[in-house]
K.L.:
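I'd like to ask you about the structure that follows.
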Amino acid sequence: MLKKLAILAVGLGVIVAGFLWFLSAPSVLEADRLAKLPDGDVANGEIMFWTGGCASCHAAPKSKGEAKLQLVGGLGLKTPFGTFRAPNISPDETNGIGGWSKGDFANAMLKGVSPNGSHYFPAFPYTSYARMTDKDVMDLWAFIKTLPKSSNKVAEHDVPFPFNIRRVQGLWKILFFKPEPVMTIANASPEVLRGQYLVDGPGHCSECHTPRNLIGGYDYSRWLAGGPAPEGDEFIPNITPHKTGIGEWEESDIAYALESGFTPSFDSFGSSMVDVQENMAKIPAKDRAAIAAYLKAIPAIETIKKKKK
Amino acid sequence: MKKSVIILATGAALFAGSTIAAENPIAARKAMMQNVVQATKMGGAMLKGKMDYSPVAGQLVLRVMNQASLSFGTLFPKGSETGMETTASPKIWSDMGGFDKALVKFQADTSAGFMKVEDLEFFDKDAFGEAFGKAAANCKSCHQEYRVKKN
């Protein structure tokens, strides 16, 4: 009897494992969408490059000026799940991504899947980039192809079991990879819609400004309402229009802060937001205004901080 | 008699000043940071046209920022790492050399636009804008490295 039960348990285990294996398989873009990927426009690609903040992780840490365009990789992101190292994404054929096809790049950005068909860790914010249009992704690709090559070889991620099993990411994706828009804003103006696209897509603001659960999934009910930093022990500010967030900022204040790094009370941005702001200073003023318009249009949510020990 | 009162009063004032900085450096640096915040706010308001620009005000904004840059070096002694919800990063103490370098840059950038009182008529809004931009860039670069807003 016991033996029969054991066989049954093992059998069930195998079925469950097989089912999970099936569920966690990486999915890529459909063939007809891949075939229709447009040719990229470098000028718009550069706007996407700064909006997307690519250089903040993929250029050498603390780079300024031209060095920001050398996507040598290597920045280590220390998270509760391990240390992720940003790869070299310069157009070098051997150690960068110069050998990729348009489809490879689109699958990375929009599906979080590498050219060899494995899942990326969501430390690479494809969870947001997946909201980008195919056109903008291809424009970005065209821009990246114009940048200097680097042969820098980046060390492997330092991520412990079980998170180091790429198929585990597949299960995580089923739960948390939701490329559709997070919210519908009634009577949204074209400016607000543009802001929503920039903030929740290429800008990937929610990656830090929206709180996460224990296994790194978003709390969609508290979109952009701030929370503990994914990296380090900082608290990321609430950027919803609640008075505990940035409700007292006017639209022009938000746009000015993104341009200059100064808040309306003339405190300055600090920490990782300095780098983000310096990227945002490089995009067109109307895009900063659109971001501001969206941040004033989203639901106001009160900040929740855990009690201090 | 009068003289000794003045000496005493001056001594007391000096003593009181050093007491705040020595016994409560966190309070002292917070107060000084607030002076910089208010000065920067005035500078920004003048440049944005929300307040009238005057060369005197512009010059004083730079002087307040420079004053702070000269004082911060003494206001982060060992033992003032925690308390009063300080947002000073532990990196200030683990990387004192880097922090000092940032302060030297802050001093240089805030004094670059200094003018003598008799030359102030030449300190127009554009000149102020350039000097202020250079000085204020230090807020961000230093906060990027040496400030943490904790959980």
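Quick note on labels: first sequence line is chain A, next is B, and so on, each numbered from 1.
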K.L.:
Based on non-hydrogen pairs under 4.5 Å, which of B:Ser141, B:Ala137, B:Ala136 is most in contact with chain A?
P.N.:
B:Ala136
K.L.:
Counting only heavy atoms from other residues, nucleotides and ligands, does the tally under 6.0 Å from CD of B:Glu130 exceed 12?
P.N.:
no
K.L.:
Quick check on B:Glu145 against chain A: is it the side chain, the backbone, both or neither that has a heavy atom closer than 4.5 Å?
P.N.:
side chain
K.L.:
Do you know which two heavy atoms are closest between A:Val274 and B:Lys140, and how far apart they sit?
P.N.:
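That would be CG2-O, 3.7 Å.
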K.L.:
Does B:Lys101 have more than 12 heavy atoms from other residues, nucleotides or ligands lying within 6.0 Å of its NZ?
P.N.:
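At most 12 heavy atoms, drawn from other residues, nucleotides or ligands, come within 6.0 Å of this atom.
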K.L.:
Please look at A:Pro264 and chain B and tell me whether the side chain, the backbone, both or neither of the residue comes under 4.5 angstrom of a heavy atom of that chain.
P.N.:
backbone
K.L.:
Walk me through it: do B:Arg147 and A:Asp267 pass the test salt bridge (charged side-chain N to carboxylate O under 4.0 Å, His left out)?
P.N.:
CA-CA 12 Å; B:Arg147 179 176 70 176; A:Asp267 187 359; 3.0 Å; yes
K.L.:
Could you measure the distance from the NZ atom of B:Lys149 to the OG atom of A:Ser271? Nearest 0.5 Å is fine.
P.N.:
10.5 Å
K.L.:
Counting only heavy atoms from other residues, nucleotides and ligands, does the tally under 6.0 Å from CG of A:Asn213 exceed 12?
P.N.:
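Yes, CG of A:Asn213 has more than 12 neighbouring heavy atoms, counting only those of other groups under 6.0 Å.
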K.L.:
Starting at CE of A:Met273, measure out to NE2 of B:His143 and round the result to the nearest 0.5 Å.
P.N.:
15.5 Å
K.L.:
Would you kindly check if the NZ (Lys) or CZ (Arg) of B:Lys41 is within the cone defined by 45 degrees around the ring axis of A:Phe262 and under 6.0 Å from the six-membered ring centre?
P.N.:
no
K.L.:
For A:Lys243, does the NZ atom sit with more than 12 other heavy atoms under 6.0 Å from it, leaving out its own atoms?
P.N.:
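No.
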K.L.:
Select one option (side chain, backbone, both, neither) describing which atoms of B:Ala39 are under 4.5 Å from chain A's heavy atoms.
P.N.:
neither
K.L.:
Within the supplied structure, the quantity of interest is the number of heavy atoms (other residues, nucleotides, ligands) at a distance under 6.0 Å from A:Glu191 CD; does it exceed 12?
P.N.:
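Yes, because the 6.0 Å sphere around CD of A:Glu191 holds more than 12 heavy atoms from other groups.
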K.L.:
What part of A:Ser272 gets closer than 4.5 Å to chain B, counting heavy atoms only: side chain, backbone, both or neither?
P.N.:
neither
K.L.:
Output, in order, the C-alpha distance, side-chain angles, deciding distance and verdict of side-chain contact (heavy atoms from CB on, under 4.5 Å) for B:Lys48 and A:Tyr256.
P.N.:
CA-CA 10 Å; B:Lys48 282 204 255 175; A:Tyr256 181 77; 3.8 Å; yes
